[in-house]
There are 2 protein chains.
Amino acid sequence: MGTTKSELFSTKHNALAVAAKVLAHPARVAILEYISQQEACICNDLVDVIGLSQPTISQHLNEIKKIGLLHGNFEGKNLCYCINRERWEELKNSFQKFFDQIAQNCC
Amino acid sequence: MGTTKSELFSTKHNALAVAAKVLAHPARVAILEYISQQEACICNDLVDVIGLSQPTISQHLNEIKKIGLLHGNFEGKNLCYCINRERWEELKNSFQKFFDQIAQNCC
DNA sequence: TTACATTATCGTAATATTGCAATATAATAA
DNA sequence: TTATTATATTGCAATATTACGATAATGTAA
């Protein structure tokens, strides 16, 4: 129990759900918005900007990383988080397609 | 602990997260897709189509109802679920705006 | 080297979500 | 009236998520 029965659903439906899950927390929405609007890459700042503790921010960043939305230089002296634009477009299209598929005739 | 600290975030960010949460389960994605593609309104069928138990489907439908995506005739002899297209467009626009706001210059 | 700053991980507590059996409710059919 | 059908609600068990203190790991600066 308690576990989502992913095996019942199509790859497409599962994938959209996984993507939506990343956006299903305001901190991750705020983090993504913040990073995506920076002209240059940012590093930390998020703890101050968001207002959650550093471990919590790190955890949220990890969720965002896991679906491939973060891109950049994670090693060396310049720590840098930025959006993987290719993946961003992919997800954008997935949501767009989902919302575009409504039928014309409904009550 | 365990609770999302919504008070830290803007109304907009919280609203998008709440909407995303509804799409964050493949059953709800599948239910919405199924309903939205029906020419006429459907009633039950979902238990058969989706493959989860009736109480679980009912629970998922309730989550979808709670953000206003379901519209129709819930009383009387014709039980009928269909998409509230106005709300659907609203959410579509929210996600679109979110995904459109990425900056041009990123690493 | 030591000290400092930044980020990740571990461990844990609180809460939320998922799923279903059992049951209740509501409307129609016989 | 008594079935029958469709949907909702209750209660509970299993699992997932959220948050953070403590600590580890990594890199830079002195």
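A, B, ... follow the sequence lines: proteins, then strands. Residue 1 opens every chain. As a basis for the values below, the full set of heavy atoms in this structure was taken, side chains included, without hydrogen atoms, waters or symmetry mates. Small disclaimer: the values here were computed from a predicted structure and weren't measured.
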### Message
Side chains of A:Ile50 and A:Tyr34, heavy atoms from C-beta outward: is any pair under 4.5 Å?
### Response
no
### Task
Could you pick out which residue, A:Glu63 or B:Leu61, lies toward the 5' side of DNA chain D when each is mapped onto its nearest nucleotide?
B:Leu61
### Query
Considering only heavy atoms and no angle criterion, is a donor-acceptor pair shorter than 3.5 Å present between the side chain of B:Gln54 and the base of D:dA8?
yes
### Query
Rounding to a whole Å, what distance do you find between A:Ile50:CD1 and D:dT18:C1'?
15 Å
### Task
Round to a whole Å and report the spacing from NZ of A:Lys66 to P of D:dA16.
11 Å
### Message
Is A:Tyr81 close enough to C:dA8 that one of its side-chain N or O atoms is under 4.0 Å from OP1 or OP2 there?
### Response
yes
#### Entry: Most 5' of A:Ser58 and A:Lys5 on DNA chain C, judged by nearest nucleotide
A:Ser58
### Message
Can you give me the closest heavy-atom contact between B:Leu61 and B:Ile35, atom names plus distance?
### Response
CD2-CD1, 4.3 Å
### Message
Tell me the interatomic distance from A:Leu46, atom CG, to C:dA5, atom P, rounded to whole angstroms.
### Response
19 Å
### Task
Name every residue in residues 10-22 of chain A that has at least one heavy atom under 4.0 Å from any atom of DNA chain C, in order of residue number, or write none if there are no such residues.
none
### Query
For B:Leu52 and C:dA21, what is the distance between atoms CG and C1' respectively, to the nearest whole Å?
15 Å
### Ring geometry between A:His25 and A:His60 (parallel below 30°, tilted from 30 to 60°, perpendicular above 60°)
tilted
### Message
If you go through the side-chain atoms of A:Gln59, does one of them form a donor-acceptor pair with the base of C:dA8 closer than 3.5 Å?
### Response
no
### Task
Flag the pair B:Lys66 / B:Glu63 as yes when at least one side-chain heavy-atom distance between them is below 4.5 Å, and no otherwise.
yes
#### Entry: Residue closer to the 5' end of DNA chain C, B:Pro55 versus B:His60 (nearest nucleotide)
B:His60
### Task
Nearest whole angstrom, please: distance from the C1' of D:dG21 to the CD1 of A:Ile57.
16 Å
### Query
Over how many whole Å does the gap from A:Leu8 atom CG to C:dT18 atom C1' extend?
12 Å
### Query
Given atom CG of B:Asn62 and atom C1' of D:dT10, what is their separation to the nearest angstrom?
13 Å
### Query
Which salt bridge (charged side-chain N to carboxylate O under 4.0 Å, His left out) pairs, counting each pair once, include a residue from residues 93-102 of chain B, with sequence neighbours left out?
A:Lys92-B:Asp100
### Query
According to the interplanar angle, ranging from 0 to 90°, do the rings of B:Trp88 and A:Phe98 count as parallel (below 30°), tilted (30 to 60°) or perpendicular (above 60°)?
tilted
### Side-chain N,O (B:Thr56) to OP1/OP2 (C:dT18) below 4.0 Å
no
#### Entry: Between CG on residue A:Leu23 and CD1 on residue A:Ile67, distance to nearest 0.5 Å
6.5 Å
### Query
Using a cut-off of less than 4.0 Å, is there contact between a side-chain N or O of A:Ser53 and OP1 or OP2 of D:dC20?
yes
### Message
Without decimals, in angstroms, what is the distance between A:Ile64 CD1 and C:dA8 C1'?
### Response
15 Å
### Closest-nucleotide 5' rank along DNA chain D - winner of A:His25 and A:Thr4
A:Thr4
